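Treat the numbers as computed from the prediction; the structure is a model and nothing was measured.
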Amino acid sequence: MAIGIDLAGRVAVVTGGTRGVGAGIGRALLAAGATVVAAARRPPERPVAGRDGRAAVFEPVDVRDPEAVTACFARVRDRYGSLDILVNNAGGTPYRLLADSTPQQAARVIELNLVAPLTTSLAARAVMAGQRTGGSIIMIGSVSGTRPSPGTAAYGAAKAGLENLARTLAVEWAPHIRVNTLVVGMVHTESSHLHYGDAAGVAAVGRTVPLGRLATPDEVGEVCAFLAGDRCGYVTGASLAVHGGGERPAFLEAAGTPVEPPMPRTPVEPSTSHAPVTTDQPATTDQEDADG
């Protein structure tokens, strides 16, 4: 028996869903049959569309404004009848050593990457708790929250807190609402050259990952769609790593241990969205500008 992902009839909100990883998540949810609302400050440069021609609906909102988020979710419920899935994707940070940051700059990073998902989840719960089928909330975390994060200290701390928050909410809001985290590594978009240089630079960075390449936004999205659906109905409070195996330990390089070359494979094309590259990399954002 084939195991598919069927989100037909579900309504999903993806914060920061107009580009980059958020757009990849939106496409995957659309492909699974969901109605998708891309909630962000700015509209997409091009529609976030699924393979069947359906597109995500843009809803303008600043996730750092709790009242605006509550009003946004009320509009979604009134228009579509429910709010079944929330993906807390919006976030990001510029690269800046903590000693070179002002307290206000660091606080804005924490606000966007931890406080905003917390208040957004509360607003979603207010809708989901009144639904017979409850709901599913997915936090988009980062490997920056699982290891030292020089240059993005506040971001790494916020992402670590986000993972703990998800585990706590999973307990507090069970059994009606599931809450999980995707711990995302480096993701390849058409903006990768801004951070890694030309194709050779992107490939060199990819070789630091055990799977030998960066992820695509759609690969992150497909895992997100799977986690949102009924096939994962008994999964809550979980943290699922989507990082290609993480990072090859530095001591192996120092010891001269040879790297197993990756098997030949069909090249993965970058996403057609227009976003910075990853939840993990310095000087990038998932969707918003942490200084803005």
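- Side-chain atoms of N89 never come within 3.5 Å of backbone atoms of I140 as a donor-acceptor pair (strictly under, hydrogens ignored).
- Of the possible donor and acceptor atoms, none in the side chain of R64 sits under 3.5 Å from a partner among the backbone N and O of R108.
- Hydrophobic clustering, with ILVMFWY side chains joined whenever heavy atoms are under 4.5 angstrom apart, keeps L112 apart from L98.
- Listed here is the closest heavy atom pair of R10 and D84: CA-OD2, 3.3 Å.
- Atoms CG and CZ, from D6 and R231 in turn, are 9.0 Å apart once rounded to the nearest 0.5 Å.
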**OP:** Mind running side-chain contact (heavy atoms from CB on, under 4.5 Å) on V143 and V184 for me, showing each step along the way?
**Re:** CA-CA 6 Å; V143 294; V184 180; over 6 Å; no
**OP:** Apply side-chain contact (heavy atoms from CB on, under 4.5 Å) to the pair V69 and T119, showing each step before the final yes or no.
**Re:** CA-CA 8 Å; V69 171; T119 57; 5.8 Å; no
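- Taking a cutoff of 4.0 Å between a charged side-chain nitrogen and a carboxylate oxygen, E219 and R213 qualify as a salt bridge.
- Between S136 and A228, the shortest heavy-atom contact is OG-CA, 3.8 Å.
- Between D218 and R27, the closest heavy-atom pair is OD1-NH2, 2.6 Å.
- Between the CG atom of L30 and the CG atom of D52 there is a distance of 7.0 Å, given to the nearest 0.5 Å.
- Checked by atom type and distance alone, the side chain of N180 never pairs as donor or acceptor with a backbone atom of L227 at under 3.5 Å.
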Original post:
Hey, mind stepping through E247 and R147 against side-chain contact (heavy atoms from CB on, under 4.5 Å) and telling me if it holds?
Top reply: CA-CA 11 Å; E247 300 168 335; R147 48 127 170 96; 3.3 Å; yes
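- Scanning all heavy atoms of the two residues, the minimum distance from I137 to S121 falls at CG2-OG, 3.9 Å.
- The line from CG of N164 to CE of M139 is 10.5 Å long, rounded to the nearest 0.5 Å.
- A38 and T18 get closest at one heavy-atom pair: CB-CG2, 4.1 Å.
- Residue C224 comes nearest to I25 through the heavy atom pair SG-CG2, 3.9 Å, listed as atom of the first residue, atom of the second, then distance.
- Note: I177 CD1 to M128 CE = 6.0 Å, rounded to the nearest 0.5 Å.
- Panel note: side chain S101, backbone L97; a donor-acceptor pair is recorded below 3.5 Å.
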Subject >> side-chain contact (heavy atoms from CB on, under 4.5 Å) evaluation trace for T15 with T120 >> reply: CA-CA 9 Å; T15 67; T120 302; 4.3 Å; yes
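- A salt bridge between D65 and R41 is absent, with no side-chain N of the basic residue lying under 4.0 Å from a carboxylate O of the acidic one.
- With respect to R125 and E172, no salt bridge is recorded, no charged nitrogen being found less than 4.0 Å from a carboxylate O.
- Of the inter-residue distances, the one linking Y155 atom OH with S142 atom OG reads 4.0 Å to the nearest 0.5 angstrom.
- In this structure, the side chain of R178 engages the main chain of C232 through a donor-acceptor pair within 3.5 Å.
- A salt bridge between R19 and E45 is absent, with no side-chain N of the basic residue lying under 4.0 Å from a carboxylate O of the acidic one.
- In terms of modelled atom types and a separation under 3.5 Å, the side chain of H243 and the main chain of V209 share no donor-acceptor contact.
- In summary, K159 and E163 do not engage in a salt bridge, as defined by a charged side-chain N under 4.0 Å from a carboxylate O.
- Residues Y80 and V61 fall within the same hydrophobic cluster, defined by Ile, Leu, Val, Met, Phe, Trp and Tyr side chains chained together at heavy-atom separations under 4.5 Å.
- With hydrogens and angles disregarded, a donor-acceptor distance shorter than 3.5 Å links the side chain of N113 to the backbone of V109.
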